[in-house]
Amino acid sequence: MKIPTLLSLFAACFVAGSANIEENVGQFFSSGHTNNWAVLVCTSRFWFNYRHVANTLSVYRSVKRLGIPDSHIVLMLADDMACNHRNPKPATVFSHKNMELNVYGDDVEVDYRGYEVTVENFLRVLTGRLPPSTPRSKRLLSDDRSNILIYLTGHGGNGFLKFQDSEEISNVELADAFEQMWQKRRYNELLFIIDTCQGASMYERFYSPNLMALASSQVGEDSLSHQPDLAIGVHLMDRYTFYLLEFLEDIHPASKANMNDLFKVCPKSQCVSTPGHRTDLFLRDPGSVLITDFFGSVRKVEITTETISLTDPIKQVEEIAVHGEQEKETYSYVDQLPVSEIIHQKPKQKDWHPPDGFILGLWTLILLVFFKSYGAKHLKHIF
Amino acid sequence: MAAPLTVVLIVAVTVRACLFRSSLADLIAERVEVVSPLNAWKRVVEGLALLDLGVSPYSGDVFHETPLIIYLFHFLVDYAEITFMVSSLSSHIVLYCLLLSLIVTSCCLFVDRYLLNPFTVLSCVAKSTCGLNNAIVALFILSTIKKNALLSAIFLALSTYQSIYPVTLCAPAVLYLLQRQYIPVNVRWASFWWFLLQYAFMYLGSLFVIICLSFFLLGSWDYLPSVYGFILSVPDLTPNIGLFWYFFAEMFEHFRLFFLCVFQINVFFYTIPLSIKLKEHPVFLIFMQLAVISIFKSYPTVGDIALYMSFLPVWSHLHRFLRNIFLVSCVLLACSALFPVLWHLWIYSGSANSNFYYAITLLFNVAQILLVSDYFYAFLRREHHLTYGLYLKRKDGSEATLVLK
């Protein structure tokens, strides 16, 4: 009597479980990506731009905590605040006053540091056009099933972002870089977050599919910094990233929070500037996009021995027409050494000699002057 | 304290030979205070090597010496050390003969100032062609003193041909020769104009002959912009002990020509006022003019300084009227010691910058200017005392002091 009940209960649970598994597995493939990458860039140097480094490191910390490994994070910091000689607490970068949260930690891996953070390097990382000698840690080795998070912070203006106080990247360049990435199938979906003054201008020009963008302020507004720390003496974070960090601290790898919650981070009352976002190029509904689709990479794994039939949940993305096959040219090396010249030795150059006329003229003059000064009577001493 | 000439020569030769054979020779040859882009030995060797390769030595910005130097060193490049030693020694002998004629009193004959001057030693060991320039200027002065107008004009032409600035020495030479011929310097006298014409003709003629001869050496005129264009337009801003490099390094392009003219005119500007003031004392005028050239020329080196400093014993009788000699000597010694220190700090340690080095350069030049103006003051004061007596009295008999207004 007991055994059939148990068996039936067991079967019921099993059926329920398998239906659950189907649902979970269905969710498993709903986003269409298989790996996550993050490119986090701080573009300003000098001690008073401490907050930009703290911004980038906070996002780095969240992203790492939510599961993206260092090998999939390209961290670019334009200056070293932790070991700056003006830092009263060396080897730390704090994101909260009273030094509550050290975002530097013990295991930060900076891939591009100091003067390596340039517009050229950033664009090369995005498009993948790096010299063959570049190590893997400095490359964005994404494929067409990668979800990429790109976070930029620094000083910017209407349509540009300043790198290192000496150059700038424009929104057109950025849009073209993303289009190159799309054409080379370097991303599945891309989330672009920018925390600078007039940040919304940077995503105005995007035209490639599957891009979602967030910015900390609209065109004509400044993004403000959050709070100074009197012990360190500089502002520690920008407002938008501060509230973003607060929001992300509540996210855990299994969280179901979606993008609509992210859009609500830092309303005008907290941020003074109006954060903006752009989702028109994104094919899925932002409400169905999980935060962990971009910020985390951990997958829940259910082990099952059943075979599961999948209905196709992914919408077909339009295929961009591939250009016709280029004709292949054969290349050959140019001769490095003029071998033929070395083999057939050229005759050695003769040394230069002054022309005879010159020597004649010079010595005649010298003799003339000598005899004029000392008189011809000295001739008899010589002859 | 008058060391015999031979002892001085032997000591000098020994010092130089030791330094030539030691490892310091390479070190000294690289120092920017001792060599300049105009007279560095490295550049002479480069120029000769380019010539051996069949290329004009003036192509590229490497060689800025005159063709006669090419001719000289074409045969003597292996004996360079001996050449420079001989030129140093001959300058010294020439100066010795010169000072013997000039010094009225025989006491305190510090004629060894040229050869044993550390600046001269450094310049010789670095094999900078400044030594040759100094020899020619010394020969010019000797021939002027010996009243040989032709040789004086020829040597002046040679030294002008080497670097443009000695053309200002024309005025004292003419004044001296006029004085010795008892022709008053008066524009109404025909003999004044006649002598001036003769001298100018000899000078310009020999300059013309030398320039044409240089043309025949290499068959082209491209030594003119390389040598004279380089001296006048100062394109190379390597730091040296002069005043040009720092200014022109930070100058905007559209002011460059203006300031170039200002700086270059500064060298030639003092000739006429000084000649008018010192027309009875052309030897002192030569000294002043040499000093002005060494301070304000576009690429000075310590060799130029050594030349005018060796004239100081001629005016040892002015010592009682010199006011700043202690300050000047301290500053010169301190700056000479600080030059290599601040160079090292700037270039090698990176903890200083060009401002530090230029500050020392400025101070060094200020000290030189102070030295020269002090001697000038002492000279004029002595002249005043010669006319009005040493102990000045006011009209009521009380003691008066002389004040420089």
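FYI, side chains are in, hydrogens and waters are out, and symmetry mates aren't considered; it's all heavy atoms of this structure. So you know, we letter chains A, B, ... as the sequences are listed, proteins then strands, and number each from 1.
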(request) Looking only at non-hydrogen atoms, find the nearest pair between A:P354 and B:L217 and report the distance. (result)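 Smallest heavy-atom distance, with atoms named: CB-CD1, 3.7 Å.
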Report, as yes or no, whether the 6.0 Å neighbourhood of atom [atom1] on [X] holds more than 12 heavy atoms from other residues, nucleotides or ligands.
X	atom1	answer
B:F208	CZ	no
A:R139	CZ	yes
B:W193	CH2	no
B:F192	CZ	yes
B:K42	NZ	no

(request) Report the residue from A:L365, A:V369, A:I366 that forms a side-chain contact (heavy atoms from CB on, under 4.5 Å) with B:I154. (result)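 Of all the options given, the one that passes is A:V369.
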(request) Check whether B:F215 gets within reach of chain A through its side chain, its backbone, both or neither, counting any heavy atom under 4.5 Å. (result)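 The answer is neither part of B:F215.
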(message) Given heavy-atom pairs under 4.5 angstrom as the criterion, report whether the side chain, backbone, both or neither of B:L48 touches chain A.
(response)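 Neither the backbone nor the side chain of B:L48 comes within 4.5 Å of chain A.
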(request) Find the distance between CZ (A:F358) and CG (B:L68) and round it off to the nearest 0.5 Å. (result)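 The CG atom of B:L68 is 5.0 Å from CZ of A:F358, to the nearest 0.5 Å.
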